[in-house]
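This report refers to the structure that appears directly beneath it.
Just so we're on the same page: letters track the sequence lines, and every chain starts at 1.
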Amino acid sequence: MEELSQLLKVRREKLQAIREAGVNPYPYSFERTHKASQIFDGFDSFTENETVALAGRISAIRKMGKASFCHITDDSGKIQLYIARDIIGVENYQIFKKLDIGDFLGVKGYVFKTKTGETSIHADSIELLSKNIRPLPIVKEKDGVLYDAFADKELRYRKRYLDLIVNPEVKKTFITRSKIISALRKFLDQNEFLEVETPILQPIYGGAAARPFETHHNTLDMKLYLRIADELYLKRLIIGGFEKVYEVCKNFRNEGMDKTHNPEFTAVEFYWAYADYNQAMDFVEELIRFVADEAVGTQKFHFRGFDVDFSQKFARESMSDLVKKHGNFEILDATEEELYAFCKSKNIEVEKGLNYGQLVDEIFSEVVEPHLIQPTFVIEYPKAISPLAKTHRNGDDRIVERYELFIAGKEFANCFSELNDPIDQRNRLEEQSKLRDAGDEEAHPVDEDFLEAMEYGMPPTAGVGIGLDRLIMLMTNNDSIKDILLFPQMRPSNE
RNA sequence: GAUUCGGUAGCUCAGCUGGUAGAGCAGCACCCUUUUAAGGUGAUGGUCGACGGUUCGAAUCCGUCCCGAGUCACCA
């Protein structure tokens with residue numbers, strides 16, 4: 001047992017003293033009649049004859065000789081209590097004097113306003129509901145200015161519960177996160193999509209280009225991967241006869257971490273039989289407007305220093321037109337040598353030995369992406385980087401029916417007219433397999449079971465993936481993914 | 001991975017060119033029955049991220065490592 005610091009010792013001594021006074025510091029329940037916000041909202045309807053009962057965590061305390069004030073905070077807000085010795089009794093007042101910020105307190109009393117006009121509860125009785133034995137960060141505030149704010153990012157991420165207790169705007173962000181995901185479900189449900197769950201532990205990973213986490217199942221004695229995407233399972237369900245399915249999907253990718261990448265993150269993917277990527281564009285546009293409206297109540301957002309507006313029709317431009325517009329270069333007829341030459345002329349650093357598709361992708365990221373501020377569907381991608389998408393119906397064999405949605409220079413959604421020709425699909429995955437053998441750790445492995453499923457017949461289908469963390473960052477104006485994940489991945493601290 | 005900045009009391013921070021650790025808030029004792037960054041008086045509180053080195057002496061200088069943030073690179 002570590003030596004307790006003086007502060008911790010004092011709290012434990014208080015706890016002991018409370019027990020010795022015959023008070024259980026951890027009772028079982030408390031009947032509430034109101035939450036804090038209801039007292040403020042309904043102030044005029046309360047009289048001194050009406051007893052209300054509230055409970056919450058003590059968030060501020062001002063002790064005086066024979067009467068004191070404190071604030072308690074519940075999930076609706078905070079409210080002040082007035083606690084006078086002559087009303088609650090000498091013994092109870094002694095107990096109250098031992099309480100700290102961080103303790104949970106129940107109160108019964110009547111509603112009144114202090115002489116400075118603050119709506120408060122005049123306590124008839126108080127009840128300790130849980131004693132805190134470790135001091136909370138103390139944040140004070142006057143006229144909207146915070147003093148001693150709990151601001152250390154490392155501590156905030158590692159001890160998110162403290163962040164939530166003392167930083168109300170953090171709590172708000174996570175409430176909005178929850179609303180966004182629930183609005184998304186509502187929209188998909190209303191459009192008759194069926195929510196499904198597919199395996200997180202997969203014998204073969206696929207559906208995206210990424211390096212996986214590996215694990216091991218003891219009974220089966222086999223290697224399993226944490227999914228990098230649920231795409232191939234959702235397509236099996238389309239093959240199985242579900243016509244509209246979706247999954248809110250935790251994905252795991254064993255790659256670098258930074259402001260926009262956490263090893264586990266949340267996406268939604270949905271698959272829509274008999275539809276193509278054009279219909280899926282209209283649908284995603286509607287979806288985003290619905291979610292914005294339902295969860296945040298606006299179509300205008302500020303993100304990464306840009307103002308974006310969802311109320312205008314989203315732009316739709318082909319990848320090659322965009323490179324022409326921003327780079328004055330024609331990618332469709334370019335050879336790999338010409339693409340390399342273009343990169344050099346624009347000072348774009350690229351590795352040796354990239355193929356056509358990878359080079360185009362590089363050029364697009366450098367030359368075009370920073371310009372895509374208002375929502376823009378970028379359409380017609382090179383086939384080489386889209387092994388699960390259908391060749392374009394216009395007959396151009398180099399491109400596929402695919403779009404990505406860009407907002408504020410970042411990608412938010414990815415969609416294909418899904419490839420459903422089993423022989424073409426096998427060829428494309430075998431191409432990927434060659435890239436793997438050549439050392440591309442992110443190329444897709446061949447999933448024989450998936451290919452076999454497709455051989456039984458898959459309807460024409462549109463498939464969409466949306467990165468929810470990014471959407472949440474945008475809609476809550478946070479530039480770091482760590483600020484919209486309750487428990488972002490951190491190295492263990494050695495404290 | 002490269003690079004910059006940072007890690008000192010529960011929280012927020014100061015402590016520069018080496019002389020043995022400081023403030024505010026919190027906590028503790030006493031006073032205080034409408035306060036609200038409550039107030040007053042007093043006494044406390046530290047493995048200065050870790051380990052080495054230089055030195056009579058290291059929070060401070062040097063080295064290695066750990067943790068975080070920012071930027072860049074990589075990465076859907």
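At most 12 heavy atoms of other shown residues, nucleotides or ligands fall within 6.0 angstrom of atom NZ in Lys98(A). In this structure, Glu169(A) places its CD atom where more than 12 heavy-atom neighbours from other residues, nucleotides or ligands lie under 6.0 Å away. Within 6.0 Å of the NZ atom in Lys14(A), the count of heavy atoms belonging to other residues, nucleotides or ligands exceeds 12.
Ranking A37(B), G27(B), U35(B) by closeness to the Asp100(A) side chain, first place goes to G27(B). Nearest nucleotide to the Thr114(A) side chain, out of C67(B), C32(B), U35(B): U35(B). Considering only the side chain of Asp148(A), C25(B) comes nearest among C67(B), G27(B), C25(B). Closest to the Glu118(A) side chain, of the nucleotides C11(B), G27(B), U35(B), is U35(B). For Lys140(A), the listed nucleotide lying nearest its side chain is A38(B); candidates were A38(B), C11(B), G10(B). Proximity note for Arg491(A) (side chain, C-beta onward) versus G27(B), C67(B), A37(B): the nearest is C67(B).
Summarising the base pairing, C72(B) is matched to G1(B) through a Watson-Crick or G-U wobble pair whose two defining distances lie under 3.5 Å. The partner of A23(B), taking Watson-Crick or G-U wobble pairs whose two distances both stay under 3.5 Å, is U12(B). With both pairing distances under 3.5 Å, G57(B) is matched to nothing as a Watson-Crick or G-U wobble pair. Remark: U34(B) base-pairs with no nucleotide in the shown strands. Criterion, Watson-Crick or G-U wobble with two distances under 3.5 Å. With both pairing distances under 3.5 Å, G63(B) is matched to C51(B) as a Watson-Crick or G-U wobble pair. Across all strands shown, the partner of A29(B) is U41(B), judged by Watson-Crick or G-U wobble contacts whose two distances both fall under 3.5 Å.
Comparing Asp152(A) and Ser120(A) against RNA chain B, the residue whose closest nucleotide sits nearer the 5' end is Asp152(A). Comparing Ile61(A) and Pro135(A) by the nucleotide of RNA chain B whose heavy atom lies nearest to each, the residue mapping closer to the 5' end is Pro135(A).
C25(B) sits 44 Å from A2(B) when the P atoms are compared, rounded to a whole Å. The same atom, C1', is picked in C28(B) and in U8(B); the two are 23 Å apart, to the nearest Å. G24(B) and A37(B): their C1' atoms are spaced 11 Å apart (whole Å). Nucleotides U54(B) and G63(B) have their C1' atoms positioned 11 Å apart, rounded to a whole Å. For C51(B) and A59(B), the C1' atoms lie 16 Å apart once the distance is rounded to whole Å. Comparing the same atom, C1', in U60(B) and in A14(B) gives a spacing of 14 Å after rounding to whole Å. A gap of 33 Å separates the C1' atoms of C72(B) and G15(B), to the nearest Å. Spacing of P atoms, A26(B) relative to G40(B), comes out at 11 Å, to the nearest Å.
Among the protein residues, Ala209(A) comes within range of the sugar-phosphate backbone only, with heavy atoms under 4.0 Å from sugar or phosphate atoms but none that close to a base. Backbone-only contact: Ala151(A) has heavy atoms under 4.0 Å from sugar-phosphate atoms and none from a base. Glu369(A) comes within 4.0 angstrom of a base, heavy atoms only. As judged by a 4.0 angstrom heavy-atom cut-off over every strand, Tyr147(A) is placed among the base-contacting residues. Residue Arg211(A) is classed as having no contact, given no heavy-atom separation below 4.0 Å to the nucleic acid. The residue Glu411(A) sits close to a base: some heavy atom pair falls under 4.0 Å. Residue Phe412(A) is out of contact with every strand shown, counting any heavy-atom pair closer than 4.0 Å.
Atom pair Asn251(A):CG and C75(B):C1' shows a separation of 15 Å (rounding to whole Å applied). Across the protein-nucleic acid pair, Leu155(A) atom CG and G68(B) atom C1' stand 10 Å apart, rounded to whole Å. Between the CG atom of Asn132(A) and the P atom of C11(B) there is a distance of 14 Å, rounded to whole Å. The distance between atom CZ of Phe112(A) and atom P of U35(B), rounded to the nearest whole Å, is 11 Å.
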Output one line per pair: protein atom, nucleotide atom from nucleotides 69-73 of chain B, and distance, for all N/O pairs under 3.5 Å.
from: A69(B); atom 1: OP1; to: Lys482(A); atom 2: NZ; distance (Å): 3.4
from: U71(B); atom 1: OP1; to: Lys259(A); atom 2: NZ; distance (Å): 3.2

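Gln80(A) contributes a side-chain N or O that forms a donor-acceptor pair with the base of U35(B) under 3.5 Å.
For the pair Lys9(A) and C28(B), the criterion of a side-chain N or O lying under 4.0 Å from OP1 or OP2 is not met. OP1 or OP2 of C28(B) has at least one side-chain nitrogen or oxygen of Lys14(A) nearer than 4.0 Å. Remark: Lys66(A) is in phosphate contact with C32(B), judged by side-chain N or O atoms under 4.0 Å from OP1 or OP2. Between Arg62(A) and U35(B) there is no side-chain polar atom (N or O) within less than 4.0 angstrom of OP1 or OP2.
Of the possible polar contacts, one joining the Asp74(A) side chain to the Ala36(A) backbone as a donor-acceptor pair under 3.5 Å is found.
Taking the ring centroids of Phe364(A) and Phe406(A), they lie under the 6.0 Å cut-off. Ring centroid separation for the pair Phe46(A) and His34(A) comes in under the 6.0 Å cut-off.
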**Asked** After noting the C-alpha distance and the side-chain angles of Asn414(A) and Tyr403(A), does the key distance pass the side-chain hydrogen bond (donor to acceptor under 3.5 Å, both in side chains) rule?
**Response** CA-CA 6 Å; Asn414(A) 184 17; Tyr403(A) 73 73; over 6 Å; no

**Prompt:** Going through the distances and angles, do Phe377(A) and Tyr277(A) end up as a ring pair (Phe, Tyr, Trp, His ring centres under 6.0 Å)?
**Reply:** CA-CA 11 Å; Phe377(A) 289 109; Tyr277(A) 79 135; 9.8 Å; no

**Request:** Go through the steps for Tyr225(A) and Phe252(A) under the test ring pair (Phe, Tyr, Trp, His ring centres under 6.0 Å), then give the verdict.
**Result:** CA-CA 9 Å; Tyr225(A) 300 96; Phe252(A) 305 84; over 10 Å; no

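Distance check, rounded to the nearest 0.5 Å: CD1 of Ile121(A) to CD1 of Ile126(A) gives 13.5 Å.
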